Amino acid sequence: MCLPLCCDCGPVDCIVCIPLDCCCPGRDRGGIYGCDTNPHQGVSVVAAGSFLAASSEQGINWSPSETKGQMTFNQDTCRYEKSIGGLPLNTNYEWKVAFNGKWDGSKGCSNGANCQFSSGASGAVLLIYNPYNGQLSTNPLTSGSTVAPSGSTTVSTSTCSDPYKGRIVRASGDYQIELGSTALWLATEANSLMTYDSTKCIYFLILVGLKPNKIYEWKVTFDNIWAGSAGCGAGGNCKFTTSGAGTVQLEFEPLSKQLTYRPLATVCGNGQCELGESCRTCLADCGECPPAVCGDGVCEESESCSSCPGDCGKCPVCGDGICQTNENYQTCPQDCPNELSGCNIFREESCEGGSQFHANAGVEAKRWQTPKPGANGYQVSYQDYHVLVGYADIIYTGSDRHAADVCLEIKHRNAGSVTLTYLFDGIPQTNKCKRFTNAYKDILLAEVTASDGSTLKLPDIDFVWNANSISSRSGDFRSGQKGAVAEMFGWPHKDVKEECEFLGKAGYLGVKLFPVHEQLMSTQPYENAMNPWYFMYQPVSYNLDGRMGTREELRDLIQTCRRHGVRVYIDAVLNHFTGAGNDMNQHRNPNGCVRWGNKTTSAPAERQSPFYTHAYTYQYNPNTGKAPSNEFPAAAIGPEDFHCDRVLGSWSDLFILNNGWLVGLTDLDTSRETVRERQAAYLVDMLSIGASGFRIDAAKHMSPEDISAIMKKVQTKMGGKLPDDFFVWLEVLTGGEAGVIWQGPSWYGTMFENILKKDLGSDAEVNKIKMWDGLYPKEPHNNPSVSRHRVVIQNDDHDQQNPGSSSRDMAQFGCVLVKNCPISEHRNFEIRLFANPNGASNNNDDWPIRFILSSYYHTHGDLGIPDGLSSCDLCTTTCETCRKSVPYIKAYDRMACAYTGTGYTRTHRDIAVINAMRSWMKMAPVSAASLGIAHCG
């Protein structure tokens with residue numbers, strides 16, 4: 001029902017039925033609403049930059065107190081504005097906003113950097129500062145624009161250039177369903193259409209009736225599709241907050257593609273019935289409400305589906321077969337499908353604030369996503385992960401490590417109503433811990449049963465005293481703290497085991513394996529290749545069933561190598577788990593609705609683990625009834641153990657560098673004690689099976705405090721002292737952020753060393769925590785704050801193997817073998833690594849740990865590995881895109897020479913390189929014949 005009470009509007013035009021102060025759609029609403037309180041009221045706001053001296057203002061550049069840069073608050077737009085004219089045409093300038101004549105607290109772009117603008121074809125521009133969200137933007141002015149002489153932002157005869165003229169521009173977001181839409185994030189919703197204001201050069205949309213003071217998300221779409229949509233940051237969702245009246249104006253600046261907003265304030269009692277007010281919320285301004293008339297076809301505020309079904313429709317009844325607008329799968333699974341409508345996806349895990357890094361509140365309720373036995377998608381290897389998860393924690397009781405307590409750390413979904421029984425080698429007990437001594441020579445089996453019938457079998461448990469002793473050899477090994485390590489990139493465990501004898505005879509300190517955890521695998525091509533090498537760096541669990549072999553094969557390899565005097569080092573990934581969207585869920589891209597299925601793992605079928613991420617999902621989890629979240633049950637890692645989802649958009653902002661999601665990988669919150677305990681137990685498990693140390697991948701993306709805390713826990717679990725031959729090296733690859741990583745108090749230099757000293761207690765223990773900064777061979781001097789006995793060096797590394805990789809620049813001081821580097825040149829660089837490394841002042845003691853990469857030639861494809869698991873023959877989905885098939889090539893060849901063939905490079909077998917290494921290690925030279933490869937010269 002609409003009475004002819006709206007000014008001079010007819011009944012068809014009315015917005016609401018009110019007796020006073022209303023207006024018609026599309027007409028000027030000036031004065032109907034006002035701005036929220038100006039947060040800079042009484043403050044001098046100045047646009048300072050490189051443009052003032054060249055402008056008609058003739059001001060001083062970059063002066064925060066220059067009055068000619070003074071900005072004025074525009075009550076119509078609720079923004080500070082400053083128009084600038086007379087600039088040279090098509091010239092680029094920079095600017096920021098300063099306050100009260102000082103740079104303290106200034107506003108800029110992209111983490112405080114200078115903003116940029118072009119003077120364009122007119123030499124005139126409007127500078128804009130939004131005080132409510134801190135965003136800076138600009139609008140070009142045409143040649144007809146004028147600039148008021150007093151510095152006022154009044155602009156006469158200005159016109160705008162609208163690149164979206166004639167197109168459909170909508171503000172789509174998660175607010176839409178509250179205003180009557182059938183779903184969230186609709187690109188076709190009529191009520192989301194934005195209007196172009198040619199006087200302010202913006203598209204705008206006023207929203208009324210949302211929840212007061214609530215945060216929503218939105219983007220701008222064009223022509224009813226998501227393709228080419230505009231957002232914030234790197235295309236992510238923008239956020240806005242409503243006013244206390246639930247009103248807001250969304251704004252889109254078409255030239256800069258910036259999205260902004262301003263809450264619209266209302267004042268009850270000012271005599272104006274403003275947007276967000278009604279006769280029911282503000283009687284003084286809007287007057288008495290007309291009586292509701294049931295049957296007039298309008299569902300008014302005092303009517304409902306129960307009081308007036310003729311106007312408001314029938315009340316939804318769960319089970320009536322109709323999914324009503326206020327029903328969904330969670331509230332009424334009988335009527336509603338188990339997925340979002342259209343191309344929508346869940347967006348519940350993103351950070352809600354700039355300083356937030358912990359997971360969002362309530363995310364723990366999304367745990368327990370694994371299907372139950374008998375449910376769709378269940379397989380036997382998933383055990384009872386839907387209610388029961390855990391891991392074994394080995395704690396050695398002394399530094400001699402002759403005894404250990406094994407504690408089973410268990411989490412049950414219904415912990416308050418069940419009792420647990422712990423079985424060690426089948427013997428039940430109620431205590432979760434049991435002590436074992438070096439008289440125990442078996443592999444321990446552990447299991448947990450709950451009173452509800454659920455069970456959990458844990459992986460084998462090894463003890464360090466059962467590992468073979470390291471066979472003694474001559475040479476300057478310094479109890480395992482000096483020597484050369486061969487990195488076997490793409491070598492299966494069985495092949496490395498066979499190579500151990502050669503490595504021992506050649507004089508290598510050890511061999512480094514790439515990640516041995518259970519890792520991501522797929523039956524669908526990715527970047528035209530099957531199972532690219534970097535899937536190895538996407539953990540699924542901490543079980544030792546990696547692509548290169550099983551736990552049993554790893555144990556056999558380590559025992560064999562130790563028998564030949566060769567230590568084993570392992571690549572450990574602590575920063576993250578799999579990439580977001582690489583998991584057991586179904587996924588789709590909201591832009592175009594392209595779908596993809598789930599992934600699998602590297603473990604044998606009978607030991608494969610489930611794993612879940614939140615990204616690109618659109619179906620509710622049937623076991624929780626909630627949106628999917630990040631969970632890796634076999635590692636006992638749940639949704640609360642991850643950082644909230646934040647793009648890693650800055651490499652010089654330490655907060656983002658630590659807490660952002662590196663290329664979309666699910667980022668672990670290593671500040672949590674539970675995560676630190678779990679990761680320390682994982683490292684101790686590998687030490688117990690016989691490993692001697694680790695490379696810590698992506699360490700630059702973990703805070704120094706977190707890494708030190710984890711190392712302290714490892715030290716404690718190893719009996720209070722790290723093993724004498726133990727060391728780790730942290731991947732702190734140095735690029736443009738070197739200034740914040742190494743200089744001054746130095747984030748990973750002096751500061752980190754002090755933290756380590758506090759946690760580990762002695763210089764000897766701190767020296768076992770080493771760095772790989774990637775600066776050798778070009779610029780080893782650029783890390784002046786870490787002593788060289790705590791830095792490891794090498795020439796080419798595995799990250800450089802693929803075409804297009806630019807992770808390191810070695811200039812003329814090194815080269816990557818598989819990138820067309822001549823063999824003789826590469827050999828000379830490897831010899832120099834030991835004989836006379838670039839920048840060494842004391843070759844005997846500088847950089848005591850040095851690496852040789854043995855890789856494979858990329859003859860068949862850029863991304864695959866010749867272990868047989870990158871063959872397109874394994875493809876089952878979208879196989880037409882698999883164009884880089886890599887056949888199986890056996891890595892171990894007893895008679896193989898270095899640098900030969902088209903398979904593995906075997907650089908570590910080169911006699912000249914071996915003898916350079918042996919000379920550095922104070923060992924006599926060897927002949928090719930003594931190593932069984934006389935034909936290699």
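Being a predicted model, the structure only gives us computed values, none of them experimental.
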Problem - Check against ring pair (Phe, Tyr, Trp, His ring centres under 6.0 Å), W661 and H614 - result: CA-CA 13 Å; W661 285 33; H614 76 280; 5.4 Å; yes
* To do: Report yes if some heavy atom in the side chain of D462 is under 4.5 Å from a heavy atom in the side chain of R551; otherwise report no.
  => yes
Starting from the C-alpha separation in whole Å, work towards a yes-or-no answer on side-chain hydrogen bond (donor to acceptor under 3.5 Å, both in side chains) for D425 and Y440. CA-CA 12 Å; D425 282 340; Y440 185 88; 2.5 Å; yes
Intermediate values then yes/no, side-chain hydrogen bond (donor to acceptor under 3.5 Å, both in side chains), K922 and N844: CA-CA 10 Å; K922 297 180 171 52; N844 188 50; 2.6 Å; yes
- Presence of salt bridge, K717 and E677, under 4.0 angstrom: yes
dist M711:CE -> L760:CG (nearest 0.5 Å) comes out at 8.5 Å
### Donor-acceptor under 3.5 Å (R676 side chain, K713 main chain)
no
Q: Check whether any side-chain N or O of E553 sits under 3.5 Å from a backbone N or O of H493 as a donor-acceptor pair, and report yes or no.
A: no
For this session: Measure from the side-chain N and O atoms of T578 to the backbone N and O of N582, and report whether any donor-acceptor pair falls under 3.5 Å.
Result: yes
So, does D667 use its side chain to make a donor-acceptor pair with the main chain of H643 at under 3.5 Å?
no
Check your understanding: Got W772 and D797 here, is their nearest side-chain heavy-atom distance under 4.5 Å?
Key -> yes
Exercise for review: With side-chain hydrogen bond (donor to acceptor under 3.5 Å, both in side chains) as the test, would you mind laying out the steps for Q794 and E487 before giving the verdict?
Suggested key: CA-CA 10 Å; Q794 66 186 113; E487 295 188 294; 2.9 Å; yes
### Query
Are D452 and H412 close enough that some pair of their side-chain heavy atoms sits under 4.5 Å apart?
yes
task: Spell out, as yes or no, whether a donor-acceptor pair under 3.5 Å connects the side chain of R567 to the backbone of R562.
output: no
Subject >> Main-chain N/O of Y537 paired with H576 side-chain donor or acceptor, under 3.5 Å >> reply: yes
Exercise. Looking only at atom types and distance, does a side-chain atom of E364 sit under 3.5 Å from a main-chain N or O of E640, one as donor and one as acceptor?
Worked result: no
As a quick check of understanding, evaluate ring pair (Phe, Tyr, Trp, His ring centres under 6.0 Å) for F611 and F577, giving each step before the final call. CA-CA 10 Å; F611 55 110; F577 271 78; 9.5 Å; no
Check your understanding: Does the side chain of S381 come under 3.5 Å of the side chain of Q379 through a donor N or O and an acceptor N or O?
Key -> yes
Step through it carefully: locate the ring centre of H789, locate the ring centre of W847, and say whether they are under 6.0 Å apart. no
Practice prompt. Output yes when a side-chain donor or acceptor of R401 lies under 3.5 Å from a complementary backbone atom of S399, and no otherwise.
Written response: yes
Next on the checklist: Under a 4.0 Å threshold between the charged nitrogen and the carboxylate oxygen, would D460 count as salt-bridged to R555?
Outcome noted: yes
So the ring pair (Phe, Tyr, Trp, His ring centres under 6.0 Å) pairs with at least one residue in residues 667-693 (sequence neighbours excluded) are Y542-Y682
- Query: Thinking salt bridges, do K505 and E501 make one under a 4.0 Å N-O criterion?
  - Reply: yes
dist W729:CH2 -> I849:CD1 (nearest 0.5 Å) comes out at 8.5 Å
Between Y569 and the options F727, F514, F694, F851, the ring pair (Phe, Tyr, Trp, His ring centres under 6.0 Å) test singles out F727
Hits for side-chain hydrogen bond (donor to acceptor under 3.5 Å, both in side chains) against E409, two or more places apart or cross-chain, chain-then-number order -> K432
Could you check whether E499 pairs with K494 (Lys NZ or Arg NE/NH1/NH2 to Asp/Glu carboxylate O, under 4.0 Å)?
no
Applied to residues 751-761, the side-chain hydrogen bond (donor to acceptor under 3.5 Å, both in side chains) test, sequence neighbours excluded, yields S708-D759, E753-R790, K757-D763
Worksheet entry | Student check: side-chain heavy atoms of L665 and Q538 closer than 4.5 Å | yes
Quiz item: Does a side-chain heavy-atom distance below 4.5 Å link L456 with E447?
Solution: no
Taking NZ, NE, NH1 and NH2 as the nitrogens, is one of them in D476 or R478 under 4.0 Å from a carboxylate oxygen of the other?
yes
- Take E552 and T550, measure what side-chain hydrogen bond (donor to acceptor under 3.5 Å, both in side chains) needs, and give me the verdict at the end. CA-CA 5 Å; E552 293 80 5; T550 64; 3.3 Å; yes
Any heavy-atom pair between the side chains of I558 and I689 that's under 4.5 Å? yes
Exercise for the section: Return yes when atom NZ of K434 has more than 12 non-hydrogen atoms of other residues, nucleotides or ligands closer than 6.0 Å, and no otherwise. Expected result: yes
Taking the side chain as every heavy atom from C-beta outward, state whether F489 and M536 have any pair of such atoms under 4.5 Å apart.
yes
**Asked** Considering only heavy atoms from C-beta outward, does the side chain of Q369 approach that of H386 to under 4.5 Å?
**Response** no
